[in-house]
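Encoded as structure tokens, the structure appears first; notes follow it.
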Amino acid sequence: MVGSLKQARIAFVGAPIGRLVNLLVILAVLYAIFILATKIFAQGPSYFLQILTFGVANGAIYALVALGYTMVYGIIELINFAHGDLFTLGGFISVFLLPIFGLDASKAGTPGIILPLLAVFIVTMLICGAINVTIERVAYRPLRHAPRLAPLITAVGMSFVLEGVMFLWKGPFNVPYPNLLPTNGIVIGGATIGVKDIFVIVVAAILMIVLALFVSRSTLGKAMRATAQDQDATELMGIDINRTIAATFFIGAVLAGAGGTIFGLYYNTLVFDLGFSAGLFAFTAAVFGGIGNIQGAALGGLLIGLITALWDGYMESTWTQVIIFAILILVLVFRPTGLLGMRVPEK
Amino acid sequence: MTVEAAADPILRIDHVTKRFGGLVAVDDVTFDVKKGEIFALIGPNGAGKTTLFNGITGIFPPTAGRIVFQGREITGAKPHQVAAFGIARTFQNIRLFEYMSSLDNVRLGQHCRMHAKLWDSLFKTPAEHREEQRVTDRAMELLQFVGIEQYTHIYARNLPYGSQRRLEIARALATNPALLLLDEPAAGFTPQEKVELMGLVHKIVDQGITVFLIEHDMKVVMGVSRRIVVLDHGEKIAEGTPEQVRRDQRVIEAYLGTQH
Amino acid sequence: MRGLLSRLGSILESDPRKNPNAVVYLVLAVATIAFPIGVQVATRGSGSFLISQAADAGVYILLAIGLNVVVGFAGLLDLGYAAFFAIGAYTYAFVASDHLEFTPIHQALHIPFWIALLVGMFAAAGAGAILGAPTLRLRGDYLAIVTLGFGEIVPRLFRNASTWTSGVNGISALDTPALPIWLNGPWSGDALAIVQNFKIIDPLAYYVIMAILVAISVLLVNNLRRSRMGRAWMAVREDEVAAAAMGVNTVGVKLLAFSIGAAFSGFAGTFYGAKLSLVSPENFGFTVSITILIMVVLGGMGNIPGVIVGALLIYYVIFNILPGLPQQASDFANSIGATSLNSPSGDWPGLAGEVQRLKYLIFGLILVLTMLLRPQGLLPSRQRAEELQKGVHDDTTIEDVNAETT
């Protein structure tokens with residue numbers, strides 16, 4: 001009984017310390033915002049607008065990747081560590097496909113690139129989808145009823161397998177990606193909003209809207225939402241769980257493949273282990289928005305993109321990754337349900 | 001100890017409500033469990049019985065109301081604190097540590113009554129050694145008490161169904177409780193096994209432990225408990241002796257409504 | 001001591017069919033003693049490099065034993081284990097070199113190695129507790145991602161905070177460990193003068209110290225496994241709700257496992273820093289965390305001898321087989337006349353270059369194939385073998401129960 005009293009007392013002592021930590025975190029965040037604000041004012045509005053554009057474009061890419069994490073987590077509660085690498089693989093596949101569809105730097109900015117580029121997008125997305133479905137079938141499905149540790153370790157391993165394949169393919173070097181998009185842009189308030197930026201934002205937005213419509217309207221989308229809530233009950237309703245889960249992996253990979261292609265077109269460079277940090281950033285975005293929540297992933301991606309751009313633009317960029325990972329830890333600790341709450345809201 | 005001899009409540013459920021979103025699983029329920037008695041909570045499926053157990057043991061604390069155990073309010077305490085206060089439980093769908101031997105399951109039950117610190121465990125101090133010995137002896141005693149000593153070194157998952165339920169009771173008793181909550185201890189039992197189980201429950205009460213059990217089947221509890229509370233749709237619809245409860249119009253309706 | 005002898009006795013007497021661990025321990029013990037002698041004989045006294053490498057392997061054994069407490073005993077996935085290794089190594093660099101003189105403190109510290117080992121251990125354990133306390137309340141898989149983030153933050157902190165850590169250059173010229181004064185008796189050499197400066201520079205000395213540290217660690221972790229705490233870890237791993245209802249403070253015992261793991265990592269890090277006499281932020285990346293995880297998974301989660309064998313095996317593959325492989329591959333191609341394979345063209349860097357790139361794929365395949373084909377590892381613990389093959393009935397945590405119903 002004495003021991004139990006002591007435990008109870010520890011619980012009560014713990015609360016004020018927790019509150020103190022909360023307060024410190026809030027103060028630190030406010031301080032960072034304050035410093036950032038003073039720098040933004042000092043640099044003037046045109047630079048700020050430039051950074052914002054960059055942030056939104058960046059955020060759109062993170063959002064595409066975050067959607068894959070959030071959908072897979074929503075349906076089988078697995079952190080698919082390999083997803084970030086699938087994003088990189090999308091870039092690698094599309095850079096391989098470009099010459100096949102007759103695209104190279106000489107055609108940059110001409111209207112003639114539109115159709116072949118569309119074809120590259122579609123083929124890349126389909127290949128990525130097929131690869132991810134295969135991964136799910138071979139590596140994750142046999143472990144669906146194993147202790148949770150097993151699929152998690154497998155996912156980490158799968159991430160290394162994908163990175164290993166790309167490493168064998170291109171080595172440790174930066175892979176150049178031809179600069180196909182027009183380099184001109186519109187000047188607004190001293191900031192240049194490039195065609196590239198608009199392209200990234202528009203393509204990502206279209207893909208996300210299509211996905212949102214698909215999940216809320218289609219039969220398969222409804223099956224996904226049902227499976228996310230209760231696998232057993234869904235199975236009893238005569239829905240093929242395996243097919244639904246495979247479809248989720250497929251859609252996630254399709255978006256990641258598109259994301260990788262967009263990344264290549266935007267940054268004109270790729271590297272085999274890009275997916276490691278990009279994947280972690282995207283996962284942070286998914287958690288930030290509320291894992292399992294599709295709108296949340298889009299919002300989280302945007303926020304992470306903006307934070308990254310602001311930090312890169314105004315503070316020391318060597319600290320950006322530290323800041324993002326710190327956000328990841330803080331969100332998980334203080335608000336594990338994220339900004340918009342877990343799971344799809346229509347429950 | 002008999003019901004008449006000890007009338008002071010060991011557990012007081014005081015206007016307890018539990019909501020899950022819009023669903024009210026337990027609705028403003030109040031009753032007392034008296035020291036030394038065998039108390040039963042009955043009701044049709046989905047009446048909120050297990051939810052109430054989960055509320056008492058801190059697995060999910062009630063939305064409103066108070067739970068008082070031995071004069072101390074325990075509402076909102078963590079499950080391990082509740083166990084340390086002296087409330088042990090079993091689960092409706094048996095939750096043994098399947099890959100631990102019966103002996104280890106029962107030894108684990110004594111976790112919160114043990115004093116070995118990290119230091120003692122690391123260096124196997126004589127005090128730790130003595131404590132382990134004592135805990136092992138007690139575990140063997142308990143396995144014998146519930147009548148499954150032949151399975152001492154068998155993985156819990158490999159025990160026959162009835163023995164698993166008994167092992168769960170032994171594990172709960174190992175926490176040295178003043179109050180034992182049994183969640184449908186006779187579920188899936190043959191009539192013969194039910195009789196044996198009720199014998200075990202009487203043996204437990206004879207040790208001075210209050211027993212509070214949930215049962216789905218009214219007939220089972222009529223024989224063992226002197227006082228019964230009936231829940232239906234989260235509400236308390238009757239309280240009293242088995243005879244009173246059996247004649248209660250609302251109870252009859254509740255059961256006729258759900259049973260064939 | 002008597003306990004140790006009786007344990008040794010019981011190992012010798014036990015039936016290998018019932019307890020294969022006893023055999024493995026015996027083989028390991030004999031090999032530990034025979035290895036330096038064998039190497040010196042085989043290389044005619046110039047085997048220092050191999051002995052030094054074996055001492056390095058010992059660092060990985062310590063790391064694997066520690067991670068095994070976290071992953072194998074408590075069932076928590078720690079993907080940032082190298083962070084604690086870094087904390088241990090940097091702690092040693094701070095407290096046992098001239099470095100602090102060049103930081104804003106302007107005062108160098110020279111704490112003796114043996115005390116620094118403890119300082120490094122507690123620094124890492126403290127960091128583990130601070131990280132674990134809020135995180136371990138969450139669902140199990142969130143810990144994986146939080147530790148992954150932490151594992152990325154720590155090396156970057158050491159790299160970026162260059163006023164304190166001299167950034168990418170790292171900290172060098174760390175103190176060489178010396179024997180404690182009370183050991184400087186007549187047996188350690190000259191009883192009068194030299195003894196005061198007796199420094200451990202001979203690889204064999206590191207080897208012996210490492211072997212002793214590993215032996216002590218195995219003993220202590222084995223004690224833990226068979227104690228109240230070990231049972232609580234097993235229970236939490238299997239069913240958190242039931243464990244909590246039986247009076248186990250689930251967050252508390254998970255935190256303890258996590259901190260003990262971190263302590264091992266810090267301890268190993270201190271030793272590593274002292275032996276290398278250099279720490280650099282590049283040595284503690286994600287690959288290190290994964291390497292240790294692979295050792296634990298391949299060897300057999302939860303089984304200490306399995307984990308030791310796993311650590312030795314992976315260490316051997318990474319540091320002895322893989323570096324020599326490119327040369328062997330290109331020689332082989334030449335010998336069968338396929339010389340064109342060796343000349344680079346396009347994306348093809350030549351066979352040697354391509355073979356050099358195999359590491360990531362090998363890492364990934366080991367993890368995936370082990371989990372799919374033999375999740376219990378090469379030398380499993382009996383309990384974990386059944387658990388991982390047949391699955392547990394219910395993996396729900398307390399948070400799960402709440403999430404389902406609210």
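Per chain, numbering begins at 1; letters A, B, ... match sequence-line order. Values below: all heavy atoms of this structure, side chains included; hydrogens, waters and symmetry mates excluded.
Between chain A and the options C/Asn160, C/Leu361, C/Val368, heavy-atom pairs under 4.5 Å are most frequent for C/Asn160. Interface remark: of the candidates C/Thr135, C/Leu148, C/Leu131, C/Leu148 forms the most heavy-atom pairs closer than 4.5 Å to chain A. Interface summary for chain C: among A/Leu152, A/Val165, A/Leu328, the most heavy-atom pairs under 4.5 angstrom belong to A/Leu152. Residue with the most contacts toward chain C among A/Val161, A/Leu78, A/Val175: A/Val161 (heavy-atom pairs, distance under 4.5 Å). In terms of heavy-atom pairs under 4.5 Å with chain A, the best-connected choice from C/Ile145, C/Leu367, C/Val297 is C/Ile145.
When every heavy atom of A/Ala282 is checked against every heavy atom of A/Ala66, the shortest pair comes out as O-CB, 3.3 Å.
Taking the six-membered ring where the residue is Trp, the centroids of C/Phe150 and C/Phe84 are separated by under 6.0 Å. Between C/Phe284 and C/Phe158, the gap from one ring centroid to the other reaches at least 6.0 Å.
With a threshold of 4.5 angstrom between heavy atoms, A/Leu143 approaches chain C through side-chain atoms but not through N, CA, C or O. Both the backbone and the side chain of A/Leu332 have a heavy atom closer than 4.5 Å to some heavy atom of chain C. Contact of A/Ala82 with chain C is not made at all, since no heavy-atom distance falls under 4.5 Å. Within the 4.5 angstrom heavy-atom criterion, only side-chain atoms of C/Ile290, from C-beta onward, approach chain A. Of the atoms belonging to C/Leu79, it is side-chain heavy atoms, and not backbone ones, that fall under 4.5 Å from chain A. Heavy atoms closer than 4.5 Å to chain C are found in both the backbone and the side chain of A/Leu168.
Using a cutoff of 4.0 Å between basic side-chain nitrogens and carboxylate oxygens, C/Lys359 and A/Glu163 are not scored as salt-bridged.
Aromatic ring pairs are classed by plane angle as parallel below 30°, tilted from 30° to 60° and perpendicular above 60°; the pair A/Phe160 and C/Phe363 is tilted. The aromatic rings of C/Phe73 and C/Trp233 sit parallel, their planes meeting at an angle under 30°, below the 60° perpendicular limit. The aromatic rings of C/Tyr142 and A/Tyr73 are tilted relative to each other, their planes meeting at an angle between 30° and 60°.
With no hydrogens or angles considered, no side-chain donor-acceptor pair links A/Tyr62 and A/Thr284 at under 3.5 Å.
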